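Each chain gets a letter, A, B and so on, in the order the sequences are listed, and its residues count up from 1. Only a predicted model underlies this, so the values are computations on that prediction, with no experimental measurement involved.
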Amino acid sequence: MAASGLSAEVDVGQVVLPGDVLLLPAAPNADGERLRLGPSSAPRGRLLCGPGLRRCAAGLLVTKCGLLRHRPPAGAGTGGGAYWVDSQQKRYVPVKGDPIIGIVTAKAGDIFKVDVGGSEQASLSYLAFEGATKRNRPNVQVGDLVYGQFIVANKDMEPEMVCIDSSGRANGMGIIGHEGLLFKVSLGLIRKLLAPNCEIIQELGQLYPFEIVLGMNGRIWDPREVISTPQDWIHQQSGLLHLFVALSPNLGTGAFL
Amino acid sequence: MGSEPEPGCALRPFAVEQGLLSRPDGSAAFVQGDTSVLAGVYGPAEVRSSRESPERAALDVLLRPKVGLPGVLERSREQMVRRACEAALLGELHPRSSVTLVLQVVSDAGSLLSCCLNAACLALLDAGLPLRSLFCGVTCALAPDGAVALDPSARQEKEARAVLTFAFESTEKRLLLSTTRGACSAKELHQCLALAQRATDTIFQFYRDSARRKFSKS
């Protein structure tokens, strides 16, 4: 029963499990034997197979447990859009282009080794900061937090990150300070917070002004200044975390999806 | 077949709780009748260079008995669980990393190996590791008179002539693991295999229902 292919269109929004095969919606004139020429047999265009899915002979093989999502194609009917699986995860796997918060663990010659929460430490060149030259090295110490993005992140190579964008500007990236509190949350919560018009961020912002840095590797940094007594500091930091929990009625108990 | 299932071929009630441990990347507690196993998965994480493989993730399974230190029986069960997990896990997506699966026996009242396999699968699911398919374990006990009992209790296992454990994967119900303690004929083996294969429908449906419940809360 579960082995038969399920139509991808039917399943959007449903829970899918690894091993499920999703059949792609067939082209109107799908005919295995003959190739018809003419505008009606034009190929459907590219379908993006996102996280949690892999191409297989029959269609798309689900590899993670989660909710199946679909984004319709942006252009006018070109391409089949994108399918992916929204899954819950705590462990981060580096992906190219993701903005992340890393902790510098070692300085090895010209590069820094940064812990990003994945299976390997990422490397960060000292020249990858805004305004850094061989003479003007950035002041990065072991234990500093850096906010950057991956330029190389695949399963075969050591991940590399930079703290500048493609035009050489920092754009908010770089060393993000020595004080403050770093939270580790699930990856799904970060994705929810980074979504446009996130309710939690808006409601928190109405309560009091704040500025936080979100890393796609499940880390949130809150740069609160240390106030008079340690008890106040602890209360304020844990208050922010409790606010996250309290203002998220839709997230459910403990499921920081 | 439209006939009633034989009384011995009913599985004990299941229960699962996922994500109950805060430190591992994935965890699951699986309860089958009175047998209960807690599984925790860490991965993909850093690997020692001696275990590193350039092609796939290095999978380690540790089975801790309820009392005492792990012995030879635990080591052999660890290898069996490891082989079943390796068949299902897409280790090629995480080369040069390690996946560690720790199984803790909370209570053993029969069918321990299949409970370990089920807990392992659900923990891997909870951790978000890429899997080719799901897998599950089913134990059969062959009584001296030839009667087959699925998911036997400790007493049934003790009185049985042979205890067989099978692991199946979910897409085409193919056999991943088969281990037997005791003696049985080839015909009896095939009979147990067929019964166990049919029982996997219930278990995979249970996985699906628990996944639905988990995602309906958020």
Checklist outcome for this item: Smallest heavy-atom separation, B:Phe215 atom then A:Val15 atom, equals CB-CG2, 3.8 Å

Checklist entry - Under a 4.5 Å cut-off applied to non-hydrogen side-chain atoms, are A:Val93 and B:His94 in contact? => result yes

Next on the checklist: Can you tell me which portion of A:Asp156 sits under 4.5 Å from chain B's heavy atoms? Options are side chain, backbone, both or neither.
Outcome noted: both

Next on the checklist: Counting only non-hydrogen atoms closer than 4.5 Å, does B:Leu124 touch chain A with its backbone (N, CA, C, O), its side chain (CB onward), both, or neither?
Outcome noted: neither

Next on the checklist: Just so I understand: if I count every heavy-atom pair under 4.5 Å between each of B:Pro44, B:Ser97, B:Gly19 and chain A, which residue has the most?
Outcome noted: B:Pro44

Checklist entry - So, A:Lys90 side chain and B:Ser22 main chain: donor-acceptor pair closer than 3.5 Å or not? => result yes

Next on the checklist: Could you check whether any side-chain heavy atom of A:Arg54 comes within less than 4.5 Å of a side-chain heavy atom of B:Arg132, counting everything from C-beta outward?
Outcome noted: no

Checklist entry - Applying a criterion of heavy atom separation less than 4.5 Å, what residues of residues 111-120 of chain A form contacts with chain B? => result A:Gly118, A:Ser119, A:Glu120

Checklist entry - Does A:Arg91 use its side chain to pair, donor to acceptor, with the backbone of B:Ala127 at less than 3.5 Å? => result no

Item to check | Between SG on residue A:Cys65 and CG on residue B:Leu129, distance to nearest 0.5 Å | outcome: 12.5 Å

Next on the checklist: Once rounded to the nearest 0.5 Å, what's the spacing between atom CG of B:Asp126 and atom OG of A:Ser87?
Outcome noted: 10.5 Å

Item to check | Whether over 12 other heavy atoms sit under 6.0 Å from A:Lys184 NZ | outcome: yes

Item to check | Point-to-point distance, once rounded to the nearest 0.5 Å, from NZ of A:Lys155 to CD of B:Glu55 | outcome: 10.0 Å

Item to check | Heavy-atom proximity to chain A below 4.5 Å, by part of B:Glu169 | outcome: neither

Checklist entry - Is chain A contacted by the side chain of B:Pro54, its backbone, both, or neither, given a heavy-atom distance below 4.5 Å? => result neither

Next on the checklist: Heavy-atom count check: over 12 atoms from other residues, nucleotides or ligands less than 6.0 Å from A:Lys107 NZ?
Outcome noted: yes

Checklist entry - So how far is it from A:Thr63 OG1 to B:Leu93 CG, rounded to the nearest 0.5 Å? => result 7.0 Å

Item to check | Non-hydrogen atoms of B:Arg96 and A:Met157 that approach each other most closely | outcome: NH2-N, 3.5 Å

Checklist entry - Is there side-chain contact between A:Asp20 and B:Arg208, with at least one heavy-atom pair below 4.5 Å? => result yes

Item to check | chain A contact via B:Leu134 - side chain, backbone, both or neither, heavy atoms under 4.5 Å | outcome: both

Checklist entry - So what's closer than 4.5 Å to chain B heavy atoms on A:Val85: side chain, backbone, both or neither? => result neither

